[in-house]
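Worksheet: the structure to be examined is printed underneath.
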Amino acid sequence: MDDLRAGRWLSTQRLLAATAQNAGLRTSRTQVLALVAARSTVLTDWAREDPDDPGLAIVRTRVMVEHALAAAEAGSPEAERLEHEARESCQAAAQAVRSDPVPWVCLIALAALDRARHRPEHQQRSSDPMLPAGPWGLLDEVLRRDPGNREAHHRMLRYWHRVYRPAAADFVNVVMSMAPAGSPLSALPLYLSVDYYRNEPRRNAVVLRQWLREPHFSRAQRAYESWSVAEPGAWPVVDLSYLAHALWASAQMAAAVEVFSALGQFASKAPWTHVADSPEKAEALLLIAREQALAGRATALA
């Protein structure tokens with residue numbers, strides 16, 4: 001990342017080449033690296049010196065998709081053009097690197113811009129009768145290359161939140177019925193709980209205590225049980241942060257302490273910015289939650 005900020009791309013090229021056989025890690029790395037590359041001219045230099053590099057095609061596609069999403073969010077007059085160019089880049093990258101799930105993950109991200117589902121690829125029937133028509137073919141393309149791809153499922157969840165919110169819970173339930181124990185996908189229901197809280201128009205006492213009730217309490221419990229059997233480091237920091245919050249908010253303090261300990265010195269802004277009274281109070285809420293979890297466990301042990 002430091003190299004990219006300085007306009008150097010060789011270390012990124014080597015890193016992605018070394019990650020070619022690990023689709024999940026490659027997906028995650030390209031997402032992070034593209035956020036840095038988008039703020040520099042490094043891709044221009046990379047393209048000048050090695051225009052056919054597959055790593056360049058993927059990172060460039062990532063950058064174009066992020067620009068298109070940002071333009072649409074901002075209501076920019078350039079949004080339609082950027083979306084079209086991003087789709088073309090996705091298709092070209094998918095042809096250039098046929099085994100890579102990232103171009104298909106990017107197409108799922110762009111699908112959220114087609115809220116009326118005009119495009120044929122966003123009107124496909126699901127194999128599950130509970131789910132409405134949507135970009136299921138795009139998800140299938142990802143899963144053929146990387147079963148259990150975390151970002152693809154989160155992109156699909158965001159898609160349903162934007163296009164047809166009632167389908168989000170059904171989608172998560174279907175995913176959870178198939179996700180193996182230990183999978184980071186076990187954290188998906190926690191995102192549903194936070195989304196419900198964020199969109200509840202009245203923050204009354206009942207809403208504030210929602211994690212003590214079903215289905216939120218059981219979602220936290222099941223996610224913890226799945227994480228407990230996961231390989232160390234398998235869950236990203238943001239998923240662990242959602243889990244730590246859910247366990248603390250549902251008063252499962254001993255389990256919350258385990259997750260806070262696993263996080264160590266790391267944290268993510270989400271979900272704390274979403275559940276605090278204001279974004280400025282997110283860090284304070286995180287520290288309070290950790291202190292209360294430690295105190296709660298100590299009281300239980302006493």
More than 12 heavy atoms from other groups under 6.0 Å of CZ on R81:
yes
Can you get from L10 to V59 by hopping between Ile, Leu, Val, Met, Phe, Trp and Tyr side chains that sit under 4.5 Å apart?
yes
Heavy atoms, side chains only, cut-off 4.5 Å: are E258 and L247 in contact?
no
When you look at Q252 and S250, which way does the side chain to side chain donor-acceptor pair (under 3.5 Å) test go after all the steps?
CA-CA 6 Å; Q252 301 180 62; S250 59; 2.9 Å; yes
Verify the cluster assignment for V42 and L16: are they in a single hydrophobic cluster under the rule of side-chain heavy atoms below 4.5 Å apart?
yes
Any chance CD of E88 has more than 12 other-residue heavy atoms, nucleotides or ligands included, within less than 6.0 Å?
yes
Just by distance, no angles: are the side chains of N149 and T27 close enough, under 3.5 Å, to form a donor-acceptor pair?
yes
Answer yes or no: does atom CD of E49 have more than 12 heavy-atom neighbours from other residues, nucleotides or ligands under 6.0 Å?
yes
Specify the closest pair of heavy atoms between L143 and G148, including all atoms of both residues, with the distance to one decimal.
CD2-N, 3.8 Å
Is the distance between the ring centroids of Y196 and H216 less than 6.0 Å?
yes
Sub-6.0 Å ring centroid separation between F260 and W248:
no
What pairs with S40 under side chain to side chain donor-acceptor pair (under 3.5 Å), at least two apart in sequence or on another chain?
none
Strictly distance-based, threshold 3.5 Å: is any side-chain N or O of R87 a donor or acceptor partner for the main-chain N or O of L110?
yes
Closest contact, heavy atoms only, H161 versus A168
CD2-CB, 3.6 Å
W227 vs Y224 aromatic rings, parallel, tilted or perpendicular, using cut-offs 30° and 60°?
tilted
Show, in sequence, the C-alpha distance, side-chain angles and deciding distance for R209 and L212, and conclude whether the side-chain contact (heavy atoms from CB on, under 4.5 Å) test is met.
CA-CA 6 Å; R209 294 196 298 270; L212 296 172; 4.1 Å; yes
Look only at the side chain of S241 and the backbone of V237, and say whether a donor-acceptor pair between them is shorter than 3.5 Å.
yes
Using the ring centroid of each side chain, check whether W136 and W104 are separated by less than 6.0 Å.
no
Flag, side chain of T61 to backbone of A57, donor-acceptor distance under 3.5 Å
yes
Would you call R62 and C106 a side-chain contact if the rule is heavy atoms closer than 4.5 Å?
yes
Apply side-chain contact (heavy atoms from CB on, under 4.5 Å) to residues L286 and H245 and explain how you reach the verdict.
CA-CA 8 Å; L286 163 61; H245 166 264; over 6 Å; no
So, the side chain of S226 versus the backbone of A223: is there a donor-acceptor pair under 3.5 Å, distance only?
no
In the single-linkage hydrophobic clustering (I, L, V, M, F, W, Y; side-chain heavy atoms under 4.5 Å), do W272 and V259 co-cluster?
yes
Go through it in stages, so that I can follow the logic: the residues are Q210 and R213, the test is side-chain contact (heavy atoms from CB on, under 4.5 Å), and I'd like the CA-CA distance, side-chain angles, deciding distance and then a yes or no.
CA-CA 5 Å; Q210 73 169 30; R213 308 191 319 274; 3.9 Å; yes
Tell me the closest heavy-atom pair linking A133 and R117, and the distance in Å.
O-NH1, 2.7 Å
Where the side chain of D114 meets the backbone of R119, is there a donor-acceptor pair that is under 3.5 Å apart?
yes
Verify, without hydrogens or angle tests, whether R98 (side chain) and A94 (backbone) share a donor-acceptor contact under 3.5 angstrom.
no
On a heavy-atom basis, which atom in D100 and which in R145 lie closest, and how many Å separate them?
O-CD, 3.4 Å
If hydrophobic clusters are built from ILVMFWY residues whose side chains come within less than 4.5 Å, do Y159 and L131 share one?
yes
Between S218 (side chain only) and P215 (backbone N and O only), is there a donor and an acceptor less than 3.5 Å apart?
no
Please assess L188 against L185 for the test side-chain contact (heavy atoms from CB on, under 4.5 Å), listing each intermediate value before the final yes or no.
CA-CA 5 Å; L188 269 176; L185 296 180; 4.3 Å; yes
Check whether any side-chain heavy atom of L69 lies under 4.5 Å from a side-chain heavy atom of V65, and answer yes or no.
yes
Nearest heavy atoms of P51 and L56, plus distance in Å
O-CD2, 3.9 Å
Hey, mind stepping through D195 and R198 against salt bridge (charged side-chain N to carboxylate O under 4.0 Å, His left out) and telling me if it holds?
CA-CA 5 Å; D195 182 71; R198 292 177 69 189; 5.3 Å; no
Within a 6.0 Å radius of atom CD on Q21, are there more than 12 heavy atoms belonging to other residues, nucleotides or ligands?
no
Linking I/L/V/M/F/W/Y whenever any side-chain heavy atoms sit under 4.5 Å apart, do V32 and L240 land together?
no
Would you find a donor on one side and an acceptor on the other, under 3.5 Å apart, between the side chain of E151 and the backbone of R155?
no
Distance-minimising heavy-atom pair for W9 and L4:
CA-CD2, 4.4 Å
Would Y191 and H154 count as a close aromatic pair, with their ring centres under 6.0 Å?
yes
